[in-house]
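This report refers to the structure that appears directly beneath it.
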4 protein chains.
Amino acid sequence: MPGNTIGKLFRLTTFGESHGLAIGGIIDGFPAGIAINSDFTQNELDKRKPGSTNFGSPRKESDHLEILSGVFQGVSLGTPIAFMVRNADAKPGDYEALRNTFRPSHADYTYSIKYGIRDHRGGGRSSARETVSRVVAGAFAKLFLAGMKISINAFTDSIGPIKITNPDKYQNIASSSANQLRCPDPAISEQILLYLADLKEQGDSTGGTIFCRITGLPPGLGEPVFEKTESELAKAMLSINACIGFEYGSGFAGAALRGSENNDQWKLTEAKKHNGITLLETVTNNSGGIQGGITNGQDIYFRVAFKPVASIRQPQMSYTSEGEHILLEGGGRHDICVVPRAVAVVEAMAAIVIADLLLQQNAYKS
Amino acid sequence: MPGNTIGKLFRLTTFGESHGLAIGGIIDGFPAGIAINSDFTQNELDKRKPGSTNFGSPRKESDHLEILSGVFQGVSLGTPIAFMVRNADAKPGDYEALRNTFRPSHADYTYSIKYGIRDHRGGGRSSARETVSRVVAGAFAKLFLAGMKISINAFTDSIGPIKITNPDKYQNIASSSANQLRCPDPAISEQILLYLADLKEQGDSTGGTIFCRITGLPPGLGEPVFEKTESELAKAMLSINACIGFEYGSGFAGAALRGSENNDQWKLTEAKKHNGITLLETVTNNSGGIQGGITNGQDIYFRVAFKPVASIRQPQMSYTSEGEHILLEGGGRHDICVVPRAVAVVEAMAAIVIADLLLQQNAYKS
Amino acid sequence: MPGNTIGKLFRLTTFGESHGLAIGGIIDGFPAGIAINSDFTQNELDKRKPGSTNFGSPRKESDHLEILSGVFQGVSLGTPIAFMVRNADAKPGDYEALRNTFRPSHADYTYSIKYGIRDHRGGGRSSARETVSRVVAGAFAKLFLAGMKISINAFTDSIGPIKITNPDKYQNIASSSANQLRCPDPAISEQILLYLADLKEQGDSTGGTIFCRITGLPPGLGEPVFEKTESELAKAMLSINACIGFEYGSGFAGAALRGSENNDQWKLTEAKKHNGITLLETVTNNSGGIQGGITNGQDIYFRVAFKPVASIRQPQMSYTSEGEHILLEGGGRHDICVVPRAVAVVEAMAAIVIADLLLQQNAYKS
Amino acid sequence: MPGNTIGKLFRLTTFGESHGLAIGGIIDGFPAGIAINSDFTQNELDKRKPGSTNFGSPRKESDHLEILSGVFQGVSLGTPIAFMVRNADAKPGDYEALRNTFRPSHADYTYSIKYGIRDHRGGGRSSARETVSRVVAGAFAKLFLAGMKISINAFTDSIGPIKITNPDKYQNIASSSANQLRCPDPAISEQILLYLADLKEQGDSTGGTIFCRITGLPPGLGEPVFEKTESELAKAMLSINACIGFEYGSGFAGAALRGSENNDQWKLTEAKKHNGITLLETVTNNSGGIQGGITNGQDIYFRVAFKPVASIRQPQMSYTSEGEHILLEGGGRHDICVVPRAVAVVEAMAAIVIADLLLQQNAYKS
């Protein structure tokens with residue numbers, strides 16, 4: 001049951017129900033001596049705020065980040081960093097009708113079956129509000145990675161059937177500079193906005209995909225054979241609420257290619273050595289920066305799929321825990337599409353994974 | 001660096017280089033009192049044999065499984081089960097030319113950079129031969145799961161551009177009854193065989209996808225929030241050599257749907273209760289049997305993508321560790337497509353993950 | 001570096017510096033459906049309060065326990081239980097003189113060397129105040145164990161040179177009913193009080209030992225070979241501030257005995273079977289309830305040694321981080337002997353270990 | 001149940017029953033590029049051989065070490081090092097009488113209760129033969145530590161009631177140069193030999209203590225708060241068969257001292273800095289080289305207690321699994337005192353712990 005921790009050396013443990021007192025976590029293994037810019041961490045947190053897009057949930061979360069330990073006079077101590085965000089705008093009354101009801105494609109039923117009890121208010125622990133803690137920990141991870149010139153940028157790749165055609169060309173656009181959809185393509189963004197407006201009117205929802213690129217990586221990260229870089233990224237991404245797919249490098253499309261098309265030829269740009277070996281680059285990067293589970297120094301890039309938001313305003317038939325058939329009509333406050341807000345979460349989880357792999361690889365440097 | 005273990009209660013740790021003395025592992029946490037059918041374990045192992053398809057590597061591996069501990073008079077003891085397979089047909093000489101050369105899209109370069117040393121013979125630890133240990137451990141996991149009527153069936157879903165159209169209809173076909181391609185559709189299989197023959201002639205290779213279905217699952221498995229059922233499956237699949245993508249339930253295609261299309265409505269078939277809650281089923285199963293990271297009692301199904309085999313017979317340009325440019329012409333013995341042999345590996349990894357989640361959930365039964 | 005977590009299924013992660021905002025932790029893996037009696041948890045916490053003995057530190061800690069998550073309407077949810085205690089009476093100014101000074105036999109120097117930075121106020125993370133989190137988690141563990149009729153009682157066995165002669169006879173006295181010294185022997189307690197008064201006058205301190213007994217245990221707990229019951233208890237005890245020794249069963253004295261004296265003969269009291277095996281008891285219990293790392297159903301008992309409190313009022317010579325020689329004269333507020341307050345901590349750590357081993361063993365019940 | 005692994009970065013997983021095919025393990029996380037001297041590893045293994053003392057078990061174990069992976073051309077690869085020793089001299093027939101019998105103070109009963117099945121031959125997994133794997137892994141750890149000038153020396157401190165008076169003076173004597181009792185004091189050794197001869201005649205056994213010193217340690221090792229250096233050492237020692245006590249620094253005797261007697265004053269020998277902090281030494285070393293769980297650069301020293309060997313030749317009354325009362329008369333081959341052979345095991349476990357803590361601390365070096 002204790003599945004609320006991720007990471008081996010950079011370790012995050014989270015807590016909190018959507019409408020409980022607070023949501024937060026403990027980061028253990030954060031290196032000492034790193035300046036903690038609280039504007040940065042708060043700003044990262046603000047990126048996933050429900051109120052930050054017109055099409056997100058209307059719930060207004062003040063989301064004030066409180067650091068409880070591990071930072072002294074603005075610098076990390078090497079001890080656990082505990083943090084929390086009070087749940088200020090919780091309206092548990094809204095959810096009273098759902099106390100014994102299982103919404104379709106939500107986790108209400110599975111939590112009840114697994115634990116025999118659940119906090120029914122807003123999804124409790126299964127709420128996307130849980131990602132607050134991920135984004136905070138990701139902000140800390142980014143502060144650590146920034147010192148090594150590693151950066152992580154994700155953006156909205158598709159929403160519903162509307163897709164960016166070539167995500168590769170957006171590699172230099174930081175997510176923070178993107179629009180409210182976190183989509184770097186203005187023309188596509190306009191189409192998406194129209195599509196979302198239409199869904200809103202129909203009381204419906206949709207899903208989409210996020211593209212993420214990690215640059216500035218050293219070669220040598222990742223721990224074969226079960227903790228490959230891609231395994232850890234896949235696990236981290238699939239742990240995000242509503243995530244249903246992950247691919248890296250040439251991905252599903254690449255599976256249909258020939259080896260002669262997909263292979264990345266080596267090239268030599270300048271004669272530098274590391275560990276006695278001449279450093280090489282690749283001509284193409286269909287491997288997505290990873291070979292044999294270990295980074296090769298090229299960019300890592302991957303795509304993550306999110307299912308349509310399960311909460312819709314259209315009436316749906318359901319059952320209570322007593323087996324009574326009932327008609328559900330969309331209560332609560334919900335996103336039409338989770339993708340724009342999930343961009344910050346994807347970046348955060350990637351940062352946590354890379355920070356952890358970096359520390360693991362450090363352990364073996366001589 | 002220690003990434004050679006997977007699982008929390010059902011734990012597998014593996015060892016072995018492709019052309020070293022042996023390959024094997026230790027299963028720790030295997031329940032006591034389970035009859036170990038050695039015909040079954042050997043048979044599972046045979047499924048991934050290179051020689052089992054015309055289009056696999058011509059290397060003949062006798063792959064005789066030796067159980068070193070943990071089984072006494074045919075029954076598991078609850079103590080670690082160590083096993084190994086001697087590398088009988090190793091021809092290290094074949095690889096002498098590759099000692100200081102980095103093959104494109106192989107792990108030669110990344111292992112050298114990470115460790116400063118590598119066993120160059122046949123990919124060493126990064127060889128797909130490492131999956132022998134996974135299949136053996138998977139066979140043990142299947143023996144455990146069989147006692148709970150849980151079964152796992154994977155099959156070839158696509159090779160190169162040739163795909164099965166509706167994998168759902170093949171849910172009752174055990175992989176063992178499939179043909180040499182592990183593909184349940186005879187017409188598609190014929191197309192694939194022609195395609196592979198063509199690739200062989202051209203000295204090229206390809207990738208593909210595998211579809212896997214898990215049936216007979218109890219509801220309640222999976223440990224939120226970072227160890228969701230899908231997170232653990234994704235991690236396990238992406239840890240398989242050459243795996244580059246994972247999706248479950250409606251997956252990437254589902255991300256483009258509307259909530260009203262993708263949601264799974266509940267239905268009540270018979271009035272049974274568990275933990276005080278009426279057991280429900282779903283009308284559709286776009287959730288792939290998992291909601292909020294926890295199984296809901298429906299089938300889990302997922303698709304895994306594999307990249308084209310990196311070893312091709314066409315000449316490729318590469319570099320040595322000294323930075324010398326050289327022409328590589330395909331040596332060694334290789335598969336044209338890894339997918340048919342990987343079917344056994346996908347099943348094995350799924351079995352290991354489910355066995356582990358089952359034991360974890362058991363811990364909290366009252 | 002991430003050493004702030006203990007346990008596998010019942011997992012505690014703690015945070016907090018002595019004079020930071022708060023101290024607390026997250027319990028992950030606590031079973032769902034257990035009634036949480038907040039009077040009990042607060043009462044357990046009060047047992048380790050500095051103000052609870054005349055000879056403890058005069059610091060007055062209100063120590064109000066706040067549960068942030070994981071408990072809903074008085075019952076555990078199976079989700080992480082986060083808790084914290086605000087540091088109300090922190091007087092960081094008291095410690096300003098110690099900013100760059102390393103007190104003898106404290107952790108000031110080692111934290112500085114390890115992390116390059118430390119929170120010098122009251123020992124920061126290395127303060128015994130950290131044990132607040134252990135006692136809270138222990139209270140939760142006790143609530144879980146109480147449902148299985150397992151109880152844990154520790155008491156003061158010796159302080160300085162004054163020892164109880166036969167701790168075995170105090171097996172039925174709950175620590176809560178003991179006096180302010182947590183010592184069950186009134187005559188010995190009076191001697192100890194005189195001794196402590198004398199030390200106080202001299203500005204000196206002392207150590208002592210704690211005896212702990214666990215009753216009501218089922219046989220079969222403990223995970224060979226590296227996670228034996230006694231290994232886990234030893235680790236947990238040695239992790240308590242100032243702990244310098246652990247022995248169980250006949251312990252160090254038993255090492256000098258003969259096998260014929262130390263062996264525990266079996267006896268049969270009533271003909272009951274478990275797992276097909278006749279349940280036995282032992283005539284003596286020199287094994288302390290554990291054989292081969294696994295509980296045999298008899299009481300576990302062990303003794304823990306604590307070093308003299310390092311903070312004394314007598315002047316001591318020391319050094320600053322700049323290498324300057326300085327004279328230290330005892331500032332801050334300190335215990336003369338940590339043993340009476342540590343009784344609650346020993347019980348808490350034992351409860352955490354046993355709860356974890358119980359859940360692990362549960363996983364394999366059929 | 002999976003308790004057969006120790007360590008986080010330097011990880012050992014072991015397997016094997018006393019009279020099964022083989023005993024061995026996998027070391028994962030061993031650094032790459034270290035020369036593996038196979039004479040050294042075999043020689044370490046020989047130190048714990050039963051035949052190496054007159055008073056050990058007469059079983060002749062050839063104990064030939066076979067390295068199956070992870071070492072290539074005499075150098076470690078950074079991949080898992082699997083090793084095994086075949087059980088050459090197994091005489092399972094000797095144990096047939098014990099199939100359903102529970103020997104006093106052995107693990108026969110507890111294994112049966114826990115697992116419902118056991119390998120009764122020579123104690124199966126609970127046999128001290130399991131320590132073969134520990135000694136092999138310890139030899140690898142020592143090879144790693146030797147490169148950093150860290151050395152570990154343990155010796156027999158007492159056997160039965162006969163004790164060395166001042167173990168501190170033997171700090172420069174390597175265990176390998178000690179006599180067959182691993183005791184550095186010739187006069188004490190003679191007394192012990194007489195005592196053991198007497199016990200042998202009486203068909204009895206005894207226990208004893210081992211003293212261990214670790215020199216050359218850097219400051220800064222150990223991960224507060226639950227994975228302190230002393231916690232990890234205590235856990236590792238208590239996991240050794242028959243170990244019943246652990247103390248470090250001034251230990252149990254120190255608990256009776258005053259703070260003014262026990263505190264270690266700082267001294268400055270030469271003006272060197274680390275992490276910006278002047279390096280200090282201590283005048284005394286009652287802290288045993290550890291403060292706040294972190295090494296301070298002084299020697300670590302500790303003492304470990306072992307219970308009397310449970311197998312004696314004197315008749316003992318016992319029970320079968322069916323509850324029948326039977327008379328046991330010592331069969332099998334056993335040590336009179338396990339201490340001399342356990343010296344190698346204590347060193348091995350200490351080496352494993354320190355190697356692991358070193359790698360963990362490395363991860364945070366900048």
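Because the structure is predicted, anything quoted here is derived from the model rather than measured. Per chain, numbering begins at 1; letters A, B, ... match sequence-line order.
Heavy-atom pairs under 4.5 Å with chain C peak, among A:G16, A:G25, A:P80, at A:P80. Among the candidates C:L9, C:I23, C:V75, the residue making the largest number of heavy-atom pairs closer than 4.5 Å to chain A is C:L9. If you tally non-hydrogen atom pairs under 4.5 Å between each of A:G70, A:G33, A:G7 and chain C, the highest count goes to A:G70. Chosen from A:V71, A:T79, A:D119, A:L359, the residue pairing most often with chain C at heavy-atom distances under 4.5 Å is A:D119.
With no hydrogens or angles considered, no side-chain donor-acceptor pair links C:H106 and C:S126 at under 3.5 Å.
Looking at C:I67, the atoms closer than 4.5 Å to chain A (heavy atoms on both sides) all sit in the backbone: N, CA, C or O. Residue A:I81: no heavy atom, backbone or side chain, is found under 4.5 Å from chain C.
By the salt bridge (charged side-chain N to carboxylate O under 4.0 Å, His left out) test, C:K235 pairs with D:E232, sequence neighbours left out.
A salt bridge does not link A:E17 with A:R121: every distance from a Lys NZ or Arg NE/NH1/NH2 to an Asp or Glu carboxylate oxygen is 4.0 Å or more.
Listed by first and then second residue, the side chain to side chain donor-acceptor pair (under 3.5 Å) pairs involving residues 5-14 of chain A are A:T5-A:T13, A:K8-A:E227, A:T14-A:R125 (not counting sequence neighbours).
Note on ring orientation: taking the six-membered ring where Trp is involved, the planes of A:F83 and A:F140 are parallel (angle under 30°, cut-offs 30° and 60°).
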